[in-house]
Asks: 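Before anything else, here's the structure in question.
Note on naming: letters A, B, ... go to the chains in the order of the sequence lines (proteins, then strands), and numbering restarts at 1 for each one.
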Number of protein chains: 2
Amino acid sequence: MNLKELATKLGLSPTTVSRALNGYPEVNEATRERVLAGARRHNYRPNARAIRLATGRALAVGHVIPLNTRTEIVNPVFSDFIAGAGEVYSRNGYDMILSIVADEAEETTYRDLMSRGTVDGVIVHAPKSNDPRIKVLRDLGLPFVVHGRSSDSELDYNWVDVNNRRAFQRATEFLLHLGHRRIALVNGLEHVDFAIRRRAGFTEALATLGLSPDPGLLSSDEMTETSGHRAAMRALDHPQPATAFLAASMLQGMGIRRAIEGRGLRMGRDVSVIIFDDDLSYLRNGEDVPIFTATRSSVRDAGRLSAEMLLDVIANPAAPPQHRLLEAELILGQSTGPAPSH
Amino acid sequence: MNLKELATKLGLSPTTVSRALNGYPEVNEATRERVLAGARRHNYRPNARAIRLATGRALAVGHVIPLNTRTEIVNPVFSDFIAGAGEVYSRNGYDMILSIVADEAEETTYRDLMSRGTVDGVIVHAPKSNDPRIKVLRDLGLPFVVHGRSSDSELDYNWVDVNNRRAFQRATEFLLHLGHRRIALVNGLEHVDFAIRRRAGFTEALATLGLSPDPGLLSSDEMTETSGHRAAMRALDHPQPATAFLAASMLQGMGIRRAIEGRGLRMGRDVSVIIFDDDLSYLRNGEDVPIFTATRSSVRDAGRLSAEMLLDVIANPAAPPQHRLLEAELILGQSTGPAPSH
DNA sequence: TGGGTGGGTCAAAGCGCTTTGGGTTGGGCT
DNA sequence: AGCCCAACCCAAAGCGCTTTGACCCACCCA
């Protein structure tokens, strides 16, 4: 059943039917009712392909998800981010198109999505500092929102981000207050922007006490359980072992816990741990009582906000860039305690 | 730059240019070269919207991902499944459209995707036993591949699945050989088909020794760390506590480990654990030495295979249903050992 | 020499919508 | 009575491709 058929069936022109369905004012309320009823009765649904061609809009947005070709790792936060964003899209009649693309091919992907007209806008994930994609997208004129920020980018652009620097600064201060002085930072890959900011917050907090980070207690890697474990083993093997850890993700935190307990130590008593908790739906930080003390910010909310911003940008392409900075909250869990007095 | 412009620029008709670009034989090799060169030079890319309308194909496939509205949980295996599938799609010029949809709205989503013509086929995730979606899709005539199977479905359909029954049967046998008799099953939600099969394998293995599962050691829940922890606490609190666990996922296994260690026990010595390992990229089972003894089957491979099958079905809609049953391998890790003799 | 034959090209008709630019009423106003 | 305007509705022209059917021009063979 297509528009034309429905129109003849109703004894109206396609024009009128189209207008009735799309809520244009110049059609009589009575006939609109008749059209709507007819459409329902015949189970009519407009063909999306035709709408897209006729309107010149894709009614779709793209998420280009980088795939680390070496490790083959897809960042686990994407599923929740996408769940949040997807909600917004479907509420607004947009499709979500996912391209999982090898790191190095991202630029081409954007070019392609744009020039073939498959999307009206994109979300940029995991920006690096001074990320080249920002310029590419700006030059292409493809609306985009960055999840995160790109330091040193001289251009202004739309972004949604968590205050990562502040979160790690506060977490570090909290550990310092507890008396910890040997704090290990188990960071994400530091070519990604948010990891840089987190490290900055960490360093800054140490600096207020005149401390500086011990390179032997710093690590930067994919945010997995095993990498957390590895980093923790190293920091515990240190001649002056860490008494506290600050980790970039829940999974790393779990790896750290495994290392601690593998040593016969007890997390929260012998060694303290704070994690950054993205509040993933399938990886909750405990039930009523949080397992880990954590700085928390829901990545699903970030997905929701990014999607809303993107749709807004698509609707008003000329508007000035928008920014949204989310604050992480510090959640007290069972993984922190006063530094052991030796 | 569109086809018509390119054609006039080359002094050819749109027809010829189109044919040259699409590799039709009736165009002179020399002019084809000329056209290709021209397209490259002017950076021409055909408009996907127009192609879709003209050909009547969507050149896109849909993944409808169920969202448990109560728990808001997105199954973490999706990201890897999708990574595998996405690879296949992009290699074949297909877009991947993701809809994250509340459990109850899935059927409408399929109807919509179909009648609006946004996709040429779909992947069905997490089938329940006798899943109604299968009939809906069959009746709609929308090509589909099920990831998993739906017991008791009287219809035949395309599927890719792991031999879940066999995997859990072997894992259980392995524990039995080690002398364990009090084995707790920490299963996924048992209205989802694969969980039913896993339980069947478990029960079957017990039965060969004349044993039957102790209801106090059975649990079925979302496959999260916390649910694993909860289930393990219960099984360890049992008057005759479990000496071994069989868990449906890595995350549950991690929760079990936390419970074991929280008790001051040692995994692999005091209590044994076997997990089902989906081989998620961001949740590897250790590095060189596996942490957990596990039955392993890569969900990314399953994604790849499902996508290939779906494209095949789209290309040959009349072909008989295809099936692909993957076997999980049993990996020996550090989490199992002989049953403690008391 | 003339009627095939086939390689190469093109005009035009879709695909199923939206949207522009009228047309046709009927009623109110002077 | 004549004019104008608002309210409705419609025909037709796109949107940028694909594809059908026809055409033209060698070239070959009888």
Asks: Round to a whole Å and report the spacing from CZ of B/R32 to P of C/dT9.
Replies: 10 Å

Asks: Is there a donor on the side chain of A/T15 or the base of C/dT19 sitting less than 3.5 Å from an acceptor on the other?
Replies: yes

Asks: Identify, between B/E26 and B/P46, the residue whose nearest nucleotide on DNA chain D lies closer to the 5' end.
Replies: B/P46

Asks: Please pick, from C/dC10, D/dT18, C/dC17, the nucleotide with the shortest atom-to-atom distance to any side-chain atom of B/L3.
Replies: D/dT18

Asks: Distance check: side-chain N/O of B/Y44 vs OP1/OP2 of D/dC17, anything under 4.0 Å?
Replies: yes

Asks: Find the distance A/L59:CG to C/dT18:P and express it as a whole number of Å.
Replies: 11 Å

Asks: Report yes if a side-chain nitrogen or oxygen of A/N22 is closer than 4.0 Å to either non-bridging phosphate oxygen (OP1 or OP2) of C/dT18; otherwise report no.
Replies: yes

Asks: How many whole angstroms separate atom CZ of B/R49 from atom P of C/dT18?
Replies: 14 Å

Asks: Looking only at side-chain atoms of B/S18, point me to the closest of C/dG16, D/dC9, D/dT19.
Replies: D/dT19

Asks: Between A/R149 and A/D161, does any NZ, NE, NH1 or NH2 come within less than 4.0 Å of an OD or OE carboxylate oxygen?
Replies: yes

Asks: A/E5 CD to C/dC15 P: how many Å, rounded?
Replies: 10 Å

Asks: Starting at atom CD1 of A/I51, determine the distance to atom P of C/dC17, rounded to an integer number of angstrom.
Replies: 7 Å

Asks: Starting at atom CG of B/L21, determine the distance to atom P of D/dC17, rounded to an integer number of angstrom.
Replies: 10 Å

Asks: What is the distance, to the nearest angstrom, from the CZ atom on A/R57 to the P atom on C/dC17?
Replies: 16 Å

Asks: Between B/N28 and C/dG8, is there a side-chain N or O to OP1/OP2 distance below 4.0 Å?
Replies: yes

Asks: What's the CG-C1' distance between B/L12 and C/dA11, to the nearest Å?
Replies: 14 Å

Asks: Less than 6.0 Å separating the ring centroids of A/H63 and A/F78?
Replies: no

Asks: Hey, is CZ on B/R32 packed in by over 12 heavy atoms from elsewhere, all under 6.0 Å?
Replies: yes

Asks: Out of A/D131, A/V146, A/L155, A/V124, which residue meets the side-chain contact (heavy atoms from CB on, under 4.5 Å) rule with A/L137?
Replies: A/V124

Asks: So, OP1 or OP2 of D/dC9: does either fall under 4.0 Å of a side-chain N or O from A/Y24?
Replies: no

Asks: Does atom CZ of B/R116 have more than 12 heavy-atom neighbours from other groups under 6.0 Å away?
Replies: yes

Asks: Would you indicate which nucleotide in D/dC10, D/dG16, D/dG21 comes nearest to any side-chain atom of B/R19?
Replies: D/dG21

Asks: Check whether any side-chain N or O of B/S13 sits under 4.0 Å from OP1 or OP2 of C/dC10, and answer yes or no.
Replies: yes

Asks: Looking at C/dC15, D/dC9, C/dA11, which one has an atom nearest to any side-chain atom of B/L53?
Replies: C/dC15

Asks: Side-chain N or O of A/T31 less than 4.0 angstrom from OP1 or OP2 on D/dC9?
Replies: yes

